[in-house]
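In each ligand, atom 1 is the first atom listed, and ligand 1 is the first ligand listed.
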Amino acid sequence: MSPAPEESSAGLGHRLRTPLTHIIGYSALLIEADSSSSETIAHLEMVNGQAEIILRRIEHWLAPSADGGGASERVAALRAGMAEPLRVITRTIGTLLGDSEGPAQLDVLRIARACTELLAFTQQDASTLRATPAPRPVITPHTIPAPMPAIPPRILVVDDNPGNRDMLDRQLGRYGYSTVCVETGAAALEALRQERMDLVLLDVMMPGVSGVEVLEQIKVQPSLAGIPVIMISALDEVESAAQCIELGAEDYLLKPFDPVLLRARLHSALERRRLQEEQRERTRELEKATQDMQRANDDLQAFASVASHDLQEPLRTITTTLQLFALQSGDNLTSQQRDLVTMAVEGGKRMSRLISGLLAYSLSGSTEANLGEVDCEAALLEAITNLREAIKDSGAQITHGALPVVMAHPGCLVQLFQNLVGNAIKYRSDRRPEIRITAEREGSEWVVSVEDNGIGIDEQYKRRIFQPFGRLHGQDRPGTGLGLAICERILRKSGGRIWVDSEPGAGSVFHFTMRATQNEGRAHQ
Ligand code: ADP
C-alpha cells in the first residue's frame with residue numbers, strides 16, 4: 001500500500017532511507033572486503049551507485065523547492081523515479097548471490113532484503129518499510145593513512161538501528177578499532193561509566209534518551225567531558241547536529257557513512273585527543289619540575305644562610321682572638337711575629353668577605369617574582385650613600401643624567417649600582433675618579449651605563465670578569481671576585497643583561513638593561 005494518508009513526506013523519506021542505508025553500507029563493506037573479486041567489486045559498485053541515485057531522488061523529492069503537485073502525484077513520481085535503478089540493483093543482486101558464499105553471502109542477502117522493502121514501496125506497498133531515521137551516499141574508500149597504536153582505540157557506537165550498529169562495528173573493526181555497540185542513550189551512559197572509551201559515535205535521533213541528551217550528560221561529567229563525541233545524523237537532522245557541536249561535540253557524520261570521511265574524522269578526532277592529553281601531561285610535568293626546582297632553590301638558600309652564619313662565627317673567634325693576642329703581647333712580639341698575626345687577621349677578614357659574597361651570590365637569583373617599579377635615581381643615591389667612605393677617600397666625582405623608573409627589585413638595583421660604582425672607584429687609575437651614570441631607552445628596555453676613567457679592562461677578559469671569582473687583580477685591590485657575577489645573576493633573573501666596553505688605560509663603561517615600566521619610562525634630571 002502507499003503511505004498512510006496522514007504520513008508526512010519527511011516521515012516517508014525517513015522510512016525509505018533506512019533500507020537504502022543498508023544497501024549502500026553493506027555494498028561498501030563488501031567492496032572493501034579482501035575476499036571480493038574484481039568482478040564482484042564491479043557489481044557491488046553498480047549496486048552502490050544505483051542506490052546513490054535513488055537517494056538523490058529521495059532528497060530532491062523531500063526538498064521544499066521540489067516540483068509541486070498533489071500528495072499522491074508526488075508519491076507516484078517518486079515511485080517512478082526509483083523503479084529503474086531498483087530494477088538494476090535487483091538484477092545485479094541475483095548475480096552477486098550466485099557468486100558469493102559464507103559471510104559475504106549473508107551481506108548480499110541483507111542487501112536483497114533491503115531491496116525487497118524498497119520494491120514493495122514502488123509496487124505500492126509501503127507497509128513493509130521499517131521505521132528508522134537515515135542516509136546519504138557512500139564513496140568507496142581505498143586509501144587512508146591511519147597508523148594504529150599498539151592498544152586499539154576503543155569506540156562506543158550508539159545507534160538504535162541494528163543495521164547501522166552492525167555496519168559501524170564491522171567497518172571500525174576493519175580499521176583496527178575496538179568497538180562497543182549499544183542501542184540506547186541510557187546504555188551508552190552506563191557503558192561510559194563501566195569502562196574507558198576513547199571516542200563516542202552517537203546517533204542524534206534515538207527513542208528514549210536522545211543523542212543530544214547523552215551528549216549533555218557526557219559534557220557535564222568531568223571524567224567524561226574530554227572524550228571526543230562524533231554525532232551521527234541524517235541529512236535533515238543537520239541542525240540538531242550543529243546544536244550538538246555547540247554543546248561540545250567534536251564533529252558530525254552524515255548517514256549513510258562515507259567510509260573515507262568516517263575514517264578521516266575518527267583519525268583526526270583521536271589524534272587531537274592524543275595531542276591534548278600529551279599537552280596536559282607535559283604541563284603537569286613542567287609544573288612538577290618548577291615546584292621541585294623552587295623547593296631545591298629554597299633548600300639551597302636556607303643552607304647557604306645557615307652555612308654562612310655557621311662559618312662566620314668561628315672565623316670571627318679566630319680573628320678577634322689573634323687581635324687580642326697581639327694586643328696582650330704588646331712589645332713581647334718581634335715585628336716579624338706581628339706581621340704574621342696581621343696576615344692571619346687579614347686572611348680571616350678576606351674569608352669573611354668571601355662568605356658574605358657567596359651568600360649574596362646565592363640569594364641574588366631569588367627575587368624575580370618581586371619585580372616592581374623602581375626609581376633608578378633613588379637606588380643610585382642609596383648606593384652612593386653606602387659608598388660614602390670610599391668616595392671620600394678617593395675624592396671620586398659622581399654625576400648622572402636623567403634616570404628612568406624601571407621594572408626591578410629595589411634591593412637588587414641598589415646592589416647593582418653599588419657594585420659598579422664601587423668597582424669604578426676601586427679600579428681607578430692615578431687620575432681622580434670621574435664616574436658618570438646615564439640611561440637611554442631602547443625599545444621596551446632601558447640601557448643604563450656606568451662610565452669611569454679607571455684602569456680599563458683588556459679585551460680578552462671582558463667575559464671572564466662576569467664569572468664567579470673572575471678576578472684580574474691581587475690583594476692590592478681587595479675583593480672577592482663575586483661582585484660582577486652577582487650583577488650578572490640579578491640581571492639574568494630579571495630578563496636583563498650586562499656587558500662592558502673598555503679601553504685599558506682610558507676607562508670602562510659597564511652597560512646593563514632593565515625592562516621599562518608599562519607606562520612610558522619616566523626620566524628626570
Ligand atoms: P672584585 O671587584 O671583588 O674582584 P668583581 O666581580 O666586582 O670582583 O670584578 C671582577 C674583576 O673585574 C675585578 O677583579 C677587576 O679585575 C675587574 N673589574 C671590575 N670592574 C672594573 C672596572 N670598573 N675597571 C677595571 N676593572 C674592573
Side-chain angles (χ1 to χ4, degrees), residues 304 308 311-312 315 346-365 379-380 382-384 386-391 393-401 411-439 447-494 496-513:
S308 156
L311 288 171
Q312 293 282 18
L315 202 56
E346 279 309 310
K349 284 183 181 165
R350 254 203 327 277
M351 190 165 174
S352 167
R353 280 198 297 274
L354 203 62
I355 292 167
S356 306
L358 278 169
L359 179 64
Y361 181 72
S362 83
L363 296 179
S364 61
L380 176 64
E382 196 176 330
I384 288 174
N386 295 343
L387 292 166
R388 60 188 172 275
E389 273 186 39
I391 295 170
D393 292 349
S394 62
Q397 190 189 32
I398 302 174
T399 56
H400 67 86
C412 288
L413 198 54
V414 173
Q415 191 161 16
L416 268 175
F417 279 124
Q418 199 167 311
N419 288 358
L420 295 176
V421 174
N423 278 353
I425 297 171
K426 197 184 345 174
Y427 300 106
R428 62 183 178 269
S429 64
D430 297 337
R431 293 184 294 268
R432 177 188 180 201
E434 284 175 12
I435 303 158
R436 180 150 178 85
I437 298 100
T438 52
V447 180
V448 182
S449 305
V450 179
E451 182 179 358
D452 66 48
N453 61 344
I455 55 174
I457 299 159
D458 200 280
E459 181 68 33
Q460 61 179 314
Y461 300 124
K462 281 182 182 171
R463 292 171 78 90
R464 187 176 128 182
I465 55 172
F466 295 105
Q467 287 164 10
F469 309 114
R471 301 210 72 220
L472 305 179
H473 296 88
Q475 283 309 314
D476 51 319
R477 298 187 196 242
T480 57
L482 287 167
L484 289 178
I486 290 173
C487 293
E488 197 273 339
R489 203 154 181 234
I490 289 172
L491 285 158
R492 188 156 28 100
K493 285 281 171 178
S494 59
R497 51 196 195 286
I498 184 168
W499 68 101
V500 65
D501 289 328
S502 182
E503 205 180 305
S508 313
V509 191
F510 281 84
H511 309 277
F512 65 86
T513 61

Looking at ligand 1, does [X] have a heavy atom less than 4.0 Å from it?
X: Ser502; value: no
X: Ser508; value: yes
X: Arg477; value: no
X: Asn419; value: no

What is the nearest protein non-hydrogen atom to [atom], stated with its residue, atom name and distance?
atom: atom 23 (N) of ligand 1; value: Asp452 OD2, 3.0 Å
atom: atom 17 (C) of ligand 1; value: Ile465 CG2, 3.8 Å
atom: atom 5 (P) of ligand 1; value: Leu484 N, 3.5 Å
atom: atom 11 (C) of ligand 1; value: Gly470 O, 3.6 Å
atom: atom 16 (O) of ligand 1; value: His473 ND1, 2.8 Å
atom: atom 8 (O) of ligand 1; value: Gly481 CA, 3.2 Å
atom: atom 4 (O) of ligand 1; value: Arg471 NE, 2.5 Å

Value for CZ (Phe512) from CG (Leu413), rounded to nearest 0.5 Å, stands at 5.5 Å
Measure the spacing between CZ of Arg353 and CG of Leu315 and express it to the nearest 0.5 Å. 11.0 Å
Could you walk me through whether His473 and Ile455 pass the side chain to side chain contact (heavy atoms under 4.5 Å, CB included) check? CA-CA 12 Å; His473 296 88; Ile455 55 174; 3.3 Å; yes
Steps toward side chain to side chain contact (heavy atoms under 4.5 Å, CB included) verdict (Ile457, Tyr427): CA-CA 10 Å; Ile457 299 159; Tyr427 300 106; over 6 Å; no
If the threshold is 4.0 Å, N to carboxylate O, is there a salt bridge linking Glu346 and Arg350? no
Side chain to side chain contact (heavy atoms under 4.5 Å, CB included) between Ser429 and Arg431: does it pass, once the steps are laid out? CA-CA 5 Å; Ser429 64; Arg431 293 184 294 268; 3.7 Å; yes
Just to be sure I'm reading this right: ignoring hydrogens, which of Tyr461, Phe466, Tyr427 gets closest to atom 18 (N) of ligand 1? Compare them by their nearest heavy atoms. Tyr427
In terms of its nearest heavy atom to atom 20 (N) of ligand 1, the top option of Ile457, Val421, Asn423 is Asn423
Enumerate the atoms of ligand 1 whose separation from the nearest heavy atom of [X] is less than 4.0 angstrom.
X: Lys426; result: 1 (P), 2 (O), 3 (O)
X: Gly479; result: 3 (O)
X: Gly483; result: 5 (P), 6 (O), 7 (O), 8 (O)
X: Gly456; result: 25 (C)
X: Leu482; result: 6 (O), 8 (O)
X: Thr480; result: 3 (O)

Over 12 foreign heavy atoms within 6.0 Å of CG, Asp430: no
Tell me if the CD atom of Gln460 is crowded by more than 12 foreign heavy atoms within 6.0 Å. yes
Looking only at heavy atoms, what is the nearest atom pair of [X] and [Y], with distance?
X: Ser394; Y: Ile425; value: OG-CG2, 3.4 Å
X: Glu382; Y: Val414; value: OE1-CG2, 3.7 Å
X: Ile465; Y: Leu484; value: O-CB, 3.4 Å
X: Thr480; Y: Phe469; value: O-CD2, 3.4 Å

Judging by distance only, is a nitrogen or oxygen of Phe510 under 3.5 angstrom from one on ligand 1? no
Between Leu472 and ligand 1, find which residue part has any heavy-atom pair under 4.0 Å and reply side chain, backbone, both or neither. both
Evaluate the side-chain proximity of Thr438 to Glu451: yes if any heavy-atom separation is below 4.5 Å, no if none is. no
